[in-house]
Amino acid sequence: MSPFPSHKQTLFLSSQKEQPRKPNQELQRKMALPLLFTALCLILMLSQSLPSSSLLQETNFLDQNPTAYEILGDYNLPKGLLPKGVVGYSLDTATGKFSAFWNGTCSFSLEGSYQLRYKSTINGYISKGRLSRLEGVSVKLFFFWVDIIDVTRNGDDLEFSVGIAGADFSVDNFEECPQCGCGLNCGGKTRKVSKIRSNPFVSSS
């Protein structure tokens, strides 16, 4: 046996030797590492800043939304038609469908007037100077609770309709929003509601 490797063995051994790196490949490898590190840092910084940016945009958007009370003003209705504590509302500007939400039912008495009760959700259709097809608002007449189905503004007066009967009140009575439980008589403050008709909620037929 020859002590020297054959021609075939020489080729096999040379093929297993690591080929020397070309200068260009070595340079590209060294440049790629800093670029990769920089890219990872940028991704990390962006991922940390995006949530706060999104939250700021959402807060600004919410701040720009009008409140339910401001919506009433846009339709020439006093804000006092809604008690304090509205937690949300919805408005379809195409149809005028309007809903307002509270955390629970709300009832109160207006001094010298009536007991009113609002469900946790009220619905209706809002238009200029009018809330129609109301659901969820009722007034106590004698011993019965009767649904208020329509509120219409006529100049400085508001007409409340329960169907076959109605009552007029001055718009001034609704400049303030009543509070659930105490109405307008909270904290020792007493405010009397002035009525236009001597016999409110009389038959309109």
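Here the straight-line distance linking atom CD1 of I148 with atom OG of S138 works out to 7.5 Å at 0.5 Å rounding. Going from atom CG of D157 over to atom OG of S170 covers 6.5 Å, rounded to the nearest 0.5 Å. Here CZ of F142 is found 8.0 Å from OH of Y114. Values are rounded to the nearest 0.5 Å.
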Q) Under the side-chain contact (heavy atoms from CB on, under 4.5 Å) criterion, do I71 and Y89 qualify, and how do the steps go? A) CA-CA 10 Å; I71 291 294; Y89 73 92; 3.8 Å; yes

**Q.** L134/V151 under side-chain contact (heavy atoms from CB on, under 4.5 Å): CA gap, chis, key distance, verdict
**A.** CA-CA 8 Å; L134 271 175; V151 180; 3.9 Å; yes

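In terms of the side chain to side chain contact (heavy atoms under 4.5 Å, CB included) criterion, T105 has no residue partners (sequence neighbours excluded). Annotation: side chain to side chain contact (heavy atoms under 4.5 Å, CB included) contacts of R153 (sequence neighbours excluded): N76, L77, D156, L158, V171. With sequence neighbours excluded, the residues that form a side chain to side chain contact (heavy atoms under 4.5 Å, CB included) with I122 are L82, A100, W102, Y118, V137.
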Side-chain donor-acceptor pairs under 3.5 Å in residues 90-97, sequence neighbours left out?
unit_1: D92; atom_1: OD1; unit_2: A94; atom_2: N; d: 2.9
unit_1: D92; atom_1: OD1; unit_2: T95; atom_2: N; d: 3.4
unit_1: D92; atom_1: OD2; unit_2: T95; atom_2: OG1; d: 3.4
unit_1: T95; atom_1: OG1; unit_2: K97; atom_2: N; d: 3.3

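In the hydrophobic clustering of this structure, I149 does not group with L81; members are Ile, Leu, Val, Met, Phe, Trp, Tyr whose side-chain heavy atoms approach within less than 4.5 Å, directly or through other members. Linking ILVMFWY residues whenever their side-chain heavy atoms come closer than 4.5 Å, directly or via other members, places L141 and F169 in the same cluster.
Although no hydrogens or angles enter the test, the distance criterion places no donor-acceptor pair under 3.5 Å between the side chain of Y75 and the main chain of L131.
In terms of heavy-atom proximity, K84 sits nearest to Q179 at NZ-OE1, 4.1 Å. Nearest heavy-atom pair across W145 and R117 is CG-NH2, 3.2 Å.
Other residues sharing a hydrophobic cluster with F101 under the 4.5 Å side-chain heavy-atom criterion for ILVMFWY residues are V87.
Among residue pairs with one or both ends in residues 120-181, those qualifying as disulfide (SG to SG under 2.5 Å) are C106-C180; sequence neighbours excluded. Among residue pairs with one or both ends in residues 123-134, those qualifying as side chain to side chain donor-acceptor pair (under 3.5 Å) are S99-N123, R130-D150; sequence neighbours excluded.
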